[in-house]
Amino acid sequence: MIITLNSNEPAAMNRLDFLKNLGLLSAGATILPKYLSSLARTPFSELRNGVGLFSMQGGTIGWYTTDDAIVVVDSQFPDPARAFVDGISDFGSGPEKVLFNSHHHGDHTGGNLVFENDGYNIIAHANVPGLQRKAAQNNDNEDAQAYAATTFDDQFRFDAGEETITAKYYGAAHTKGDSVIWFKNANIAHMGDLVFNRLYPFIDRNGGANISGWINLLETVAAEADSETLFIFGHGSPETGVTGNREDLLYMRDFLYHLLEYTQSAIKAGKSREEVISRTSFDEFPDHVSPSNFLSLPRNLEVAWLELTES
Ligand SMILES: [Zn+2]
């Protein structure tokens, strides 16, 4: 199932397809070919000014092509990465090829090796390779990794055709290595997992996440955007999809703010950790979807509790 801005697909998708799209189910050899063959249309869609997105499995891929370059944000997993590098030739052929990793998570970097073998130069924030290596060691899949050969601390700019592409770091948020990739001419920004559009987010505390930092980041990025800026999100609910505007960033900020505020007042009222994390929804955010225990309010509250009590 594909979630795109101009989708003609029905808004509803079944739970299995939804989880696959998020990359939260491992796509076994028997499942994936069937899933691929069931795709009704191309996973590529164009947004505007040469920038588009690709959704198959895992975090949404963003792309830009011009006469002499292909610029990509995130690599999903090996199978979708292969489908991407094969299919993008319909839109452009390089020869210069660049892959940005918005952050280190496996559903955004799992296809890196495919891209590297296809001649892409991988670029990411300086914290990404270390976090990716640590996660790969824990998951015992170091052989399947390819790491950014070029890293940056604050920002990295790449000019191609009409476009100025800038990857910017705003501090710890979803992890301690997230960047926002801006396509200036198209007025499009790829948020990686800095927006889970109407989904309870994954807050990767082991990967250096910081909820307060995340709130500030969303406010800063929303202020840098204008009313026409189009955002690509790593993940979104079936209802709202993986693109949106700055109001969606501020809505996510409001959710994270409410999460911290709720937890803080519960701590002050002397509630136990167990009481706090037993809550499964907020009345103020009725449209938030929990596709699994992994992406749920109790998990979010647990991280908020730790952030507020340990720092
Ligand atoms: Zn992530």
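Just so you know, ligand 1 is whichever comes first in the structure, and atom 1 is the first atom listed for that ligand.
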The Zn ion (ligand 1) and [X]: any N/O/S contact shorter than 2.8 Å?
X	result
H174	yes
D193	yes
H105	yes

[X] bridged to [Y] by N-O distance under 4.0 Å:
X	Y	result
D159	R157	yes
E302	R205	no
K176	D204	no

List the steps and the verdict of side chain to side chain contact (heavy atoms under 4.5 Å, CB included) for D118 and K97. CA-CA 9 Å; D118 199 56; K97 298 177 183 175; 3.1 Å; yes

